[in-house]
Every structure is written in C-alpha cells, then in structure tokens.
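One is the number of the first residue; the rest follow in order along the sequence. In listed order, ligands and their atoms are each counted from 1.
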Amino acid sequence: MGRPCHTLLFRQPAREGFAVIAHRGASAYFPENTLLSLEGAIDMDADMAEIDVLLSRDGVPVVVHNERIHRATGGRGRVAHYTLAELKRFDFGYRFKAARGEQIPTLEEVLELCAGRIALNIEIKSGAVQDVVLGGVEELCIDLVYRHGMESHVAFSSFDPRALLHCKIIDPSAVTAVLYDDRYYLRTQTPAAIVEHLRADAFNCSKEEITEKWMADCAAHGVPVNIYTVDDEKTMRRLIAMGVGGIFSNRPDVLRKTALEAPSVVR
Ligand code: G3P
Ligand code: MG
C-alpha cells in the first residue's frame with residue numbers, strides 16, 4: 001500500500017504518494033505569500049502551494065500570514081483595519097531587494113495565477129474565522145475557488161476547527177485538513193479520530209508534534225499526514241521514511257530533490 005497523500009494535485013507526484021508543498025510559496029527565495037513566491041513554487045516544480053488568508057477591512061480575502069502588517073511590510077497596524085486599497089499601498093516585498101514594491105495579493109489574484117498550474121492549500125487564519133456559518137471567510141474562499149474552477153485542486157486548512165466545519169457545511173465536497181492545535185483537543189484523542197469528528201480529509205501538524213504512533217494511527221485509517229515547516233534535508237528524509245504524505249517547505253526545490261533521492265518506503 002502506498003502512503004496516503006492528497007489527491008488534489010495536477011499530476012501524479014514525481015514521487016508516489018508524496019507532495020512537495022511550497023510553504024507560503026517558495027518563501028525562502030521570495031517574499032512569502034506573494035505572486036512572486038507562487039511563481040517561484042511553480043518554477044521549482046512544487047506539487048502544491050500553501051497560502052494564508054485573512055480578511056481586509058472591506059471583507060476581501062487577502063493572502064498574508066500575520067494579523068499585523070509589521071513583519072511583512074515594516075508598517076504598522078492590522079490587516080483587518082485596512083481596506084484592500086490601503087493594504088495595496090504597503091510594500092510586501094521590502095525584505096527582498098529584488099522584490100521591492102511587491103503588493104499583497106488577494107485570494108482572487110492567487111487563484112488566477114495558480115489555476116491549472118499548481119494545487120493550493122488555503123490556510124484560513126484563525127483571525128478571520130467567526131461563529132457565523134454562512135457569509136464568512138469560508139464561504140468567500142469557497143466561492144472564489146469555484147469561480148476559478150479550482151475546486152478539485154484546493155484543500156482548506158485551519159488551526160480553528162470552526163473553519164473546517166463551516167467549509168464542510170457550505171460545501172460537503174470541499175477538501176479540508178486539520179491543522180493540529182493542542183488547545184482544541186484532548187491528549188487522548190488520536191489524529192484519525194479528530195479528522196473523523198471534524199469530517200476532515202487530512203491531518204497536518206508540525207515536525208515537533210508528529211510521532212510514530214500518530215503516523216501508525218493515520219496510516220491505519222488512510223488519513224494523509226502533512227508536516228510543516230521543514231527546510232533541512234535530514235528532517236525531510238526522516239519524515240519521508242516515516243510515511244508522511246506531504247511536507248511544507250520554504251525551500252521546495254530542496255524538498256523536491258531530497259524526495260526524489262530518498263529510498264522508497266512501502267507500507
Ligand atoms: O499550514 C502549515 C503552516 O503554514 C501552519 O503554520 O503559522 O506557518 O501558517 P503557519
Ligand atoms: Mg500557513
């Protein structure tokens with residue numbers, strides 16, 4: 001039996017059952033979560049790109065990791081306090097000399113760039129999630145994904161379990177991945193049980209959290225496991241040997257090479 005892996009990719013992964021996931025795009029080389037970093041991920045032959053989504057003050061899904069804009073732009077304030085037009089005035093490429101002036105992309109712009117080219121993991125950040133089931137960030141994202149014909153190539157993930165449940169209520173065919181956060185689950189709950197309870201399709205956690213026991217539990221239940229964020233080859237090799245279905249890396253080129261060179265593991 002091969003390792004469980006996302007089935008959303010545009011082509012058979014270069015390595016059976018293993019997805020190279022570019023974390024915030026090829027973010028070691030380009031400003032994270034920008035169109036530049038996504039073009040980089042496509043050029044580096046990643047199978048999927050992960051992006052983070054928050055809402056602007058005027059309710060537009062924008063692609064950015066932190067609720068405050070300081071880390072990405074050097075500016076002040078919160079994403080949710082600026083309209084899209086105001087956010088577009090900040091320099092999201094300021095950390096990279098060659099990328100100065102790069103703007104924050106909307107989810108719509110990202111979908112336009114990625115449609116037909118690379119699968120997406122849309123991480124809905126907790127700061128955008130509300131108790132409302134309809135009309136919230138989840139429905140906005142799902143609508144955009146359908147409008148770009150990407151519904152068979154997108155997974156939605158979130159640390160906030162409400163976002164995963166909202167996605168499944170809005171669209172039962174939406175693919176979702178639990179992003180493990182121990183504040184929400186009892187120690188006694190296994191990953192496969194969490195995935196089942198939330199009607200999700202995959203289990204994502206950090207390299208520090210994953211254990212052989214969790215891997216065995218997921219394998220026994222056919223649950224794909226994706227691990228973040230791994231930039232060193234030694235950890236990549238160890239995780240691939242453990243049977244993970246995907247790794248999020250800021251260096252998708254290094255992950256691609258390492259995955260191809262790793263001895264095959266049949267479980
Ligand atoms: O989706 C994996 C990873 O991106 C989750 O953590 O903080 O990098 O969004 P973070
Ligand atoms: Mg993320």
Side-chain angles (χ1 to χ4, degrees), residues 5-6 8-9 18-35 37-38 40-41 46-55 61-72 78-80 92 95 104-105 107 110-111 114 118-129 137-138 141 145 153-164 167 174-185 191 194-195 198 200-210 214 218 223-232 235-236 239 244-252 255:
C5 169
H6 275 311
L8 303 156
L9 313 177
F18 178 80
V20 170
I21 309 171
H23 184 244
R24 309 178 193 174
S27 59
Y29 313 105
F30 304 95
E32 65 183 40
N33 281 319
T34 63
L35 298 182
S37 68
L38 291 163
D47 298 304
M48 181 180 248
E50 186 260 6
I51 53 164
D52 305 289
V53 168
L54 283 167
L55 291 179
V62 285
V63 177
V64 58
H65 180 266
N66 291 68
E67 286 179 38
R68 292 181 178 279
I69 63 164
H70 187 262
R71 206 181 118 263
R78 303 176 85 90
V79 172
F92 280 78
R95 287 175 180 279
I104 189 173
L107 177 59
V110 165
L111 285 161
C114 296
I118 190 167
L120 283 176
N121 178 142
I122 299 177
E123 181 188 340
I124 300 176
K125 300 309 281 184
S126 305
V129 182
V137 64
E138 302 87 350
C141 291
V145 166
H153 302 285
V154 167
F156 295 95
S157 67
S158 188
F159 286 110
D160 190 326
R162 291 176 301 171
L164 307 177
C167 283
V175 172
T176 62
V178 172
L179 258 174
Y180 184 74
D181 181 336
D182 62 8
R183 285 177 300 172
Y184 294 115
Y185 312 106
I194 295 168
V195 164
L198 295 172
D201 304 281
F203 183 79
N204 300 356
C205 69
S206 70
K207 57 184 187 288
E208 290 80 19
E209 289 165 327
I210 192 66
W214 278 10
C218 288
V223 174
V225 178
N226 303 292
I227 304 294
Y228 65 88
T229 303
V230 185
D231 286 345
D232 73 286
T235 310
M236 289 172 183
L239 291 168
V244 304
I247 293 178
F248 298 85
S249 179
N250 302 316
R251 303 165 78 202
L255 178 57

What angle, to the nearest 10°, do the atoms OD1 (Asp52) and OE1 (Glu123) form about the Mg ion (ligand 2)? 90°
Using only atom types and a distance under 3.5 Å, with no angle test, would you say the side chain of Asp181 pairs donor to acceptor with the backbone of Tyr184? no
Do the side chain of Ser158 and the main chain of Ile124 share a donor and acceptor less than 3.5 angstrom apart? yes
Hey, does Asp52 come in under 3.5 Å of ligand 1, counting only N/O atoms on both sides? yes
Number the atoms of ligand 1 from 1 as they appear, then name those within less than 4.0 Å of a heavy atom of Lys125, with their elements. 7 (O), 9 (O), 10 (P)
For atom 5 (C) of ligand 1, grab the closest protein heavy atom and report residue, atom and distance to one decimal in Å. Glu123 OE1, 3.4 Å
Any donor and acceptor pair, going by atom type alone, linking the side chain of Asn33 with main-chain N or O of Arg24 inside 3.5 Å? no
Counting from 1 in the order shown, the ligand 1 atoms closer than 4.0 Å to a non-hydrogen atom of Phe159 are 5 (C), 6 (O)
Considering all heavy atoms of both residues, which atom of Arg78 and which atom of Ile69 are nearest to each other, and what is their separation? C-CG2, 4.4 Å
Which ligand 1 atoms are under 4.0 Å away from a heavy-atom of Glu50? 1 (O), 2 (C), 3 (C), 4 (O)
Specify the protein heavy atom at minimum distance from atom 7 (O) of ligand 1: its residue, its atom name, and the distance to 0.1 Å. His65 NE2, 2.8 Å
In terms of ring plane angle, is the pair Phe203 and Tyr180 parallel, tilted or perpendicular, where the classes change at 30° and 60°? tilted
Glu209 CD to Tyr228 OH distance, which is reported to the nearest 0.5 Å: 5.0 Å
Relative to the Mg ion (ligand 2), which of the N, O or S atoms in Glu50 is the closest? OE2
From Arg95, Arg71, His65, residue fulfilling side chain to side chain donor-acceptor pair (under 3.5 Å) relative to Glu32: Arg71
Could you find the nearest protein heavy atom to atom 3 (C) of ligand 1 and give me its residue, atom name and distance? His23 NE2, 3.5 Å
Starting from atom 8 (O) of ligand 1, which protein heavy atom do you reach first, and at what distance in Å? Arg24 NH2, 2.8 Å
